[in-house]
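Worth knowing before you read on, the calculation uses all heavy atoms, side chains too, and leaves out hydrogens, waters and symmetry mates.
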Amino acid sequence: MNQKIIIGNWKNYLNYEESILLSKAISNINISNKIRVMISPNHLYIKEVNEILRKTNVEVIAQNLTSLESKSDTGGISAVNLKNLNINRSLVAHSETRLRQKDPQNILNEIIPIGYQFVLCFEEIDQIPFDLLTNNFEIILAYEPVWAIGTGETASIDHINEIHDQVKSRLKDLSLNIPVLYGGSVNPSNSKDILESKFVDGVLVGGASTKIDQLEGILNSI
Ligand code: 13P
């Protein structure tokens, strides 16, 4: 059975107390073996959140990376420092990151050779660097149309299926075994239909993942 992947991207919504409370609430949820759950808290609190979720099946992942090694890079986040905190995966090139960071995908040239795991977000298929992708370690792709992010305007199932089908065909031609998630206004009312699609390997959830009742609704939708 292929597990669906559900990622909660908390972005910069929660303060310290809220992050700790939500992590504790998540640690008490009985998670179905049909899903794999990842949580991406704000970097400021990632260490504490990871400590709370360490004994669960929930994986804590970073929201962005700017270099492999630590270096002169004010405000940067290195994979080496994340690894030291037992954070072994990061979102890369989220559309909100792209607004501040030029070419956030360049980091892939540094992290792919060492096998640092990542979830690469894309809005257009031509943003996916198919030639860099590999089966050597787990890579995840996430289709996030900008107009659907934080707007309440979820893409239609037909649209999601069409894009995912195109990406999956390209991956198949290259013999790449890489899951493709959908993100953009996913909530408990639409998550079941999206997660049931054979073209969708999971969802990347923003706002709704910061509220325990909504997050539980999504986790329980399959
Ligand atoms: P929303 O679920 O708030 O639309 O955010 C989607 C997203 O950007 C997840 O990374």
Within this structure, what is the [atom1]-[atom2] distance for the pair [X] and [Y], rounded to the nearest 0.5 Å?
X: I160; Y: D165; atom1: CD1; atom2: CG; result: 13.0 Å
X: S67; Y: E110; atom1: OG; atom2: CD; result: 6.5 Å
X: N57; Y: N30; atom1: CG; atom2: CG; result: 10.0 Å
X: L53; Y: K24; atom1: CG; atom2: NZ; result: 11.0 Å
X: E48; Y: L85; atom1: CD; atom2: CG; result: 9.5 Å
X: L174; Y: D131; atom1: CG; atom2: CG; result: 9.0 Å

I'd like to check [X] versus [Y] (side-chain heavy atoms, cut-off strictly below 4.5 Å). Are they in contact?
X: L21; Y: I212; value: no
X: L120; Y: I140; value: no
X: L91; Y: N64; value: no
X: I149; Y: K11; value: yes
X: N190; Y: D193; value: no
X: S78; Y: T66; value: no
X: I157; Y: V200; value: no
X: T154; Y: I194; value: yes

Parallel, tilted or perpendicular, as decided by the 30° and 60° cut-offs, for the rings of Y143 and H159: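 If you compare the ring of H159 with that of Y143, the planes turn out tilted.
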R36/E138 ion pair, N-O < 4.0 Å: yes
Between [X] and [Y], what is the shortest heavy-atom contact and its length?
X: I107; Y: L68; value: CD1-N, 3.9 Å
X: S70; Y: N81; value: OG-ND2, 3.2 Å
X: V146; Y: S95; value: CG2-CB, 4.0 Å
X: F122; Y: R98; value: CA-NH2, 4.2 Å
X: F130; Y: V167; value: CE2-O, 4.3 Å
X: Q166; Y: I125; value: OE1-CD1, 3.1 Å

Given 3.5 Å as the limit, does a donor-acceptor pair link the side chain of [X] with the main chain of [Y], or not?
X: S197; Y: F199; result: yes
X: W10; Y: S209; result: yes
X: S23; Y: S19; result: yes
X: E18; Y: N15; result: yes
X: N135; Y: N177; result: yes
X: D201; Y: V180; result: yes
X: D103; Y: N106; result: no
X: Q63; Y: P41; result: yes
X: S185; Y: G152; result: yes
X: Q3; Y: K34; result: no

Linking I/L/V/M/F/W/Y whenever any side-chain heavy atoms sit under 4.5 Å apart, do [X] and [Y] land together?
X: L204; Y: I26; answer: no
X: V37; Y: L14; answer: yes
X: V205; Y: Y182; answer: yes
X: Y116; Y: M38; answer: no
X: I5; Y: L195; answer: no

Intermediate values then yes/no, side-chain contact (heavy atoms from CB on, under 4.5 Å), N84 and V80: CA-CA 6 Å; N84 286 340; V80 164; 4.2 Å; yes
Under 3.5 Å side-chain donor-acceptor pair for E144 and H94: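 A pair is found: one side chain offers a donor N or O, the other an acceptor, under 3.5 Å apart.
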Flag if over 12 foreign heavy atoms under 6.0 Å of [atom1], [X]:
X: N28; atom1: CG; answer: yes
X: D173; atom1: CG; answer: yes
X: K211; atom1: NZ; answer: yes

side-chain contact (heavy atoms from CB on, under 4.5 Å) between L171 and L141, intermediate numbers included: CA-CA 11 Å; L171 293 171; L141 293 175; 4.1 Å; yes
Residues Q105, Q127; criterion side-chain contact (heavy atoms from CB on, under 4.5 Å); working and verdict: CA-CA 9 Å; Q105 276 178 243; Q127 290 171 326; 4.0 Å; yes
The single option from I139, I7, L82, I61 passing side-chain contact (heavy atoms from CB on, under 4.5 Å) against R89: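 Checked I139, I7, L82, I61 against R89; only one passes side-chain contact (heavy atoms from CB on, under 4.5 Å): I61.
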Can you give me every donor-acceptor pair (side chain of residues 215-222, partner residue at least two apart or in another chain, under 3.5 Å) with its distance?
from	atom 1	to	atom 2	distance (Å)
N220	ND2	E216	O	3.2
S221	OG	S191	OG	3.0
S221	OG	I218	O	2.7

From CA spacing to verdict: side-chain contact (heavy atoms from CB on, under 4.5 Å), L65, I111: CA-CA 9 Å; L65 279 176; I111 61 174; 3.7 Å; yes
